[in-house]
Amino acid sequence: MEIPSHYAPRQVERRWYQTWLKNKAFASIPDHRPAYAIVIPPPNVTGVLHMGHMLNNTIQDVLVRRARMLGFNACWVPGTDHASIATEAKVVQKLRAEGIKKSDLSREAFLEHAWEWTHKHGGIILEQLKELGASCDWDRTAFTMDEVRSQSVYHVFADLHAKGHIYRGLRMVHWDPEAKTSLSDEEVLHKDITATLYYVKYEVVERPGTFLTVATSRPETIMGDVAVAVNPKDARYEALHGLHVRVPVGGREVPIILDEYVTADFGTGCLKVTPAHDWNDYAIGQKHGLEVLDVLNEDGTLSAHGLQYAGMERFAARKKVAEDLLASGHLAKTEEYASTVGTSERTGAVVEPRLSLQWWVRMPELAKPALDAVMSGEIQLIPDKFKNTYRHWMENVRDWCISRQLWWGHRIPAYFYGPGELDYVVALSAEEALIKARAASGHNDLTAADLQQDPDCLDTWFSSWLWPLSVFDGIRHPENQEIQYYYPTQDLVTAPEILFFWVARMAMAGYEYTGKRPFERVYLTGIVRDKLGRKMSKSLGNSPDPLALMDAYGADGVRMGMLLTSPAGNDLPFDESLCEQGRNFTNKVWNALRLVKGWKVSDDAPEDEAAAWAVDWFRHLLDAELAELHRDFDRYALSEALMRLYKLTWNGFCSWYLELVKPAYGQPISPAIYDATVEFMDTLMAALHPFMPFLTEEVWHLLSPRGETEFLDFAAYPVGHGLAYRSTEFTLLEEHVVALRTFRAEKNIAFKLPITVDASTKPAAWPAIAKLTNALWGDAQGGLPLRAGTLELRVLIESDAVDVEAERAKAHKDIEYYTRFKRSIEAKLSNEKFVAGAPAAVVEAEHKKLADADAKIEIAQKLLAALAN
RNA sequence: GGGCGAAUAGCUCAGCUGGUUCAGAGCAUCUGCUUUACACGCAGAGGGUCCGGGGUUCGAAUCCCUGUUCGCCCA
C-alpha cells in the first residue's frame, strides 16, 4: 500500500463526518448507561462561525467525545437562538436595501420576512460546526423560537407573573435609539471616551447680570432642565439659595435646589438637573418633586420639548446648541475630560437613559439559590476565580428589564382590556385571555376584539435562560423521560462575558423550576485575541476565517492549535503558527503510520534486544502517562492533557520508541514487536481521539482491519493501570545516548562509524543504547573519559579527532561548577538547624547531591589526566 | 471610584498545602544533518536578579507586608 508522505486532512475529514452522520454515531437516547449531557451555548441564528465559536465548540467536543468513550451516554444538544435585536436589525436593513420600510409593514408581514431570513441563514453556523467535527446529536437541534421552546417561554412568563416575580413598572431604562428598544443592564457596554465639558452660564432671575455657571457634557438636554442643583455646604453659592435661574435656551425659569449629591469639586459645583435624561438627575427629581421634560424621541432625535432643535439628531443638536450658546454669550468655555459612555451591546449605538413602562423580573429572590449553589460548590466554576465575580454580581443584582420594543421574538403574553396600566391579564392563548379578562374586569360581554396583546416582545435571554430545561421539554413536561434522564446536565462551556447574561440566569431558572442545578460544572473559556492583544472581531477585521484555516491546516490541526494554549479562563492569543503546529503533529502521526505499515512482519526476524527493551519500557511509560492524563482531565486542564499526549506521541513514541524497534533497512520485524507497536498506536489514537477525531479515526482504521461502522468514538477511553514507570532506567539510557550523540557531533564522527565504549558497569538498557548510537561494548582502554550523567564511560576513537584545548576547558568548567555546587550543599548540611528541622528525605537528598557532585568532579579530573598524556 | 485576578526564558504557559541535583514544557532562536516514516523532518545547543523592595523561616518562585505595571468585572 502506497501512503502519501503528507497527510491530506480535508477529504479524510469530510468522508468520516459523513460516515458518522450516516450511522448516527452521535445520537443519544435514554438508556441504562449514566447520562452525560452538554447543551450548546446557542449561537445567534444570524451568525457565522468565528474563532470564539471554534474554541468553545472544540472544548465541548473534546469533553463529549471523551465522555462517550468513558461509557457515558453522551448527548450534546445543538441549537441556535433568535437574537432578537441583531436579527431584527439585519432584517430591517435588508428590507431597507429593497426599498421597504419596517413602518410600512404589518407585524405579520414583517415576521414573515424575518422567518424567511432565518430559514435562509439560520442553519449556516451549524453546518460550519460539522466541518469542525462537532459530535452533536443533530436530531435534537433546537431553536429558541421553535414550538417547544416558545411554549416554554410563555409558560414561564405566566408562571412567574402569577408568582409575583414579574411586574410592570415605569422606570429608568437603557434605551437603544438605533434599535428603538429598551435594553437590560447587561446589554450595555461602558466605554472610555474623551468627552467635552461645556461651561454654560445661567442668569439668576432675581439678580439680573449675575450668572451661575454649570458644567455639562450634554448641552442638547438643556431644554429638559427643571432645576440647577448645588451642594448645600458649598459656600460659594450660599447667597443664591432659594433663588431661580433662567435656562439659556427657551428662557424658562427653574429653581436653584440644594442636594448633597452634587460634588463641589467637579466642574463648577453646579449641576443642571434633567430628570428625563440622567439616572442621577431622575433620582434628584423624584426627591424634590420635579417634573420630567423628555426632549428626545425614541429614535434619538429631539422632540417638541427640544424647541427650535426639534427633529434634529441628538449629536447634531449637541453641536448646534453649543454653537448657539456661544453666539448668545452663554458658553463660558469648554474643556476635554475622560468619561465613559454606555453603548448597546448589539447595535453599538450610544444608549440613552429613558423613562418608560417596561416588564421586569424581580431578581433577589430568584438569585438566592443560584448564588448559594456556586458559593457552596454545588455548581463548580472552572476556573474558580470567577466565583468572586459571580458573587459580587449576584449580591448586587438589579431587576431584569425583559421587554423589548421589537417584533422578532416571543411576544409578551399579556392582554389589555382597558386603558389602565394594570388592566391586563396574562394568558397562554387569546381564548384563555378572554376568559381571564372577563373575570378580571367583571365585564362578561368582552370580546376578543376588545383585547389588545402587548406589542412588545421578550429579551432573547428570557428564552436562553431556560435552555437546559427547554431542550428536553422540561418546562412543559417536567416528568418526561428525557428531562429526568439528562437533567441536570454535566458541563457547560461558555465565555465569561455571558456569566451574568446567561449562566447565572440558567441557574436561577433551574432552581426555580426543578429545585436542581442545571449543570454540575461551568467551564469558562478565554477570549480569542490577535497578536496585538485585541479581541478578534469582524469590525476590526483581525479574525481569520475559520473555514479557511481548516482548509489550510485541517480541522484537527486547527482544533489542536486552539487548545494548545488555552487554559480555562485565560485569553487565547491566537496565532496561525499554532495551527501549523497542529498540522505538523497530524503529519507526524501520519508518518508514524507510514513507517509501521511499511514493515514486513516475519517469524524469521532476527531477535532484537533493543526492541524488546523498548516495548517493555514504553508499555510502562504509556500506562503512567494515561494515569496522569486522567488527572489532567479531572482538573479540566485540557491544554495540559493535550500537551501531554503531544509529547508522549512525538517524543516518547516516535523519537524514542519507534527508533528503538525499527528494524534495520530491509529487515523484517517480529510479530510480537509489531503487534505491540500497533497496540500502542491504537491506544495513542484512542487517547487523542477527543482532540483530533478525524486523523485518529483514519489512522485507527488503517492500522488494523475494522468494521465499517466500528468507530473510535465507541471504543473505550484508555486508562492507566498503575504500572510503575521505570524512569531511572530510561534516564540512564537517555543520558548515555545524549552523551554519545553529543560526543559524535562535537567530534564530527559519522553515525556509520561504530564507536567502542566501556565503563565499570554496563547499563541494563545497553542494547537499546547501542542501537541508537551505533556503539559497541568492548575494551576501550586508552579511550577518552566521557560523563553520562554521573557515570563515567570510556570511548575509543582516533585521537586526532579530539580538540584537546576544548576538552580541557570543558573539564575545568565542570570542576569549577560542581565544586561551587558542593560547597553550597556542604554549608547546608553543616547547618544544625537544617539537619534538625528538615525531613529526613530532604537531608538524604542533599547527601545524594553531594555524592553525585563528587562523582562528576572525579570524572572531569580523570579526563584532564587522560588529556595530559 | 469599588471589587477581583495576574506578573516565571523572545512568546504562550506549568510549577499542588514552602524542601528530590543552584527553575520546567511547547513554540521560537542558534548549530549540524540529501540517516530510504516524516525538512510539516532528525540530532544537539544556548536562553531566566521567578516584577521591585522589605519580612517570616534552617530553607521562599511558592507564605506575609509594601510599591509598580497589566487585565477583567461593576459603578
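Note on naming: letters A, B, ... go to the chains in the order of the sequence lines (proteins, then strands), and numbering restarts at 1 for each one. Atoms considered below: every heavy atom in the structure, side chains included; atoms not considered: hydrogens, waters and symmetry mates.
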Q) Does the Arg10(A) side chain pair with the main chain of Ala552(A), one donor and one acceptor, at a distance under 3.5 Å? A) no
Q) Name the one of Phe680(A), Phe618(A), Phe585(A) that satisfies ring-ring contact (aromatic ring centres under 6.0 Å, His included) with Phe653(A)? A) Phe618(A)
Q: Using only heavy-atom distances, decide whether a donor-acceptor pair under 3.5 angstrom links the side-chain of Lys385(A) to the base of C4(B).
A: no
Q. Touch check for Tyr665(A), heavy atoms < 4.0 angstrom, all strands: base, sugar-phosphate only, or nothing?
A. base
Q) Looking across every strand, which nucleic acid part, if any, lies under 4.0 Å from Lys752(A) by heavy atom: base, sugar-phosphate, or nothing? A) nothing
Q. Of the options Thr649(A), Thr677(A), Asn651(A), which is the one that meets Tyr657(A) in a side chain to side chain donor-acceptor pair (under 3.5 Å)?
A. Thr677(A)
Q: Considering only atom P, compute the distance from G26(B) to U66(B) and round it to an integer number of Å.
A: 39 Å
Q) How is Arg398(A) classified with respect to the nucleic acid when contacts are heavy atoms under 4.0 Å: base, sugar-phosphate, or nothing? A) sugar-phosphate
(Q) Counting the atoms with a prime plus P, OP1 and OP2 as sugar-phosphate, which does Ser655(A) contact under 4.0 Å by heavy atoms, base, sugar-phosphate, or nothing? (A) sugar-phosphate
Q) With a 4.0 Å cut-off on heavy atoms, is Val738(A) in touch with a base, just the backbone sugar-phosphate, or nothing at all? A) sugar-phosphate
Q: Quick one: label Tyr646(A) by what it contacts on the DNA or RNA (base, sugar-phosphate, nothing), any heavy atom closer than 4.0 Å.
A: sugar-phosphate
(Q) Between the base of A37(B) and the side chain of Glu659(A), is one N or O donor paired with an acceptor at under 3.5 angstrom? (A) yes
Q) When you match Pro573(A) and Glu846(A) each to their closest nucleotide on RNA chain B, which lands nearer the 5' end? A) Pro573(A)
Q: By nearest nucleotide on RNA chain B, pick out whichever of Leu850(A) and Val737(A) is the more 5' one.
A: Leu850(A)
(Q) Taking any heavy-atom pair under 4.0 Å as a contact, classify Glu640(A): base, sugar-phosphate, or nothing. (A) sugar-phosphate
Q: Report the base-pairing partner of G19(B) (Watson-Crick or G-U wobble, both distances below 3.5 angstrom), or none.
A: C58(B)
Q) Without hydrogens or angle criteria, can the side chains of Tyr7(A) and Glu698(A) be said to hold a donor-acceptor pair below 3.5 Å? A) no
Q: Using the ring of Trp656(A) (Phe, Tyr or Trp, six-membered ring only), decide whether Arg741(A) places NZ or CZ under 6.0 Å from its centre and within 45 degrees of its axis.
A: yes
Q: Under 4.0 Å between any heavy atoms, over every strand shown, what does Arg741(A) touch: base, sugar-phosphate, or nothing? Just pick one.
A: sugar-phosphate
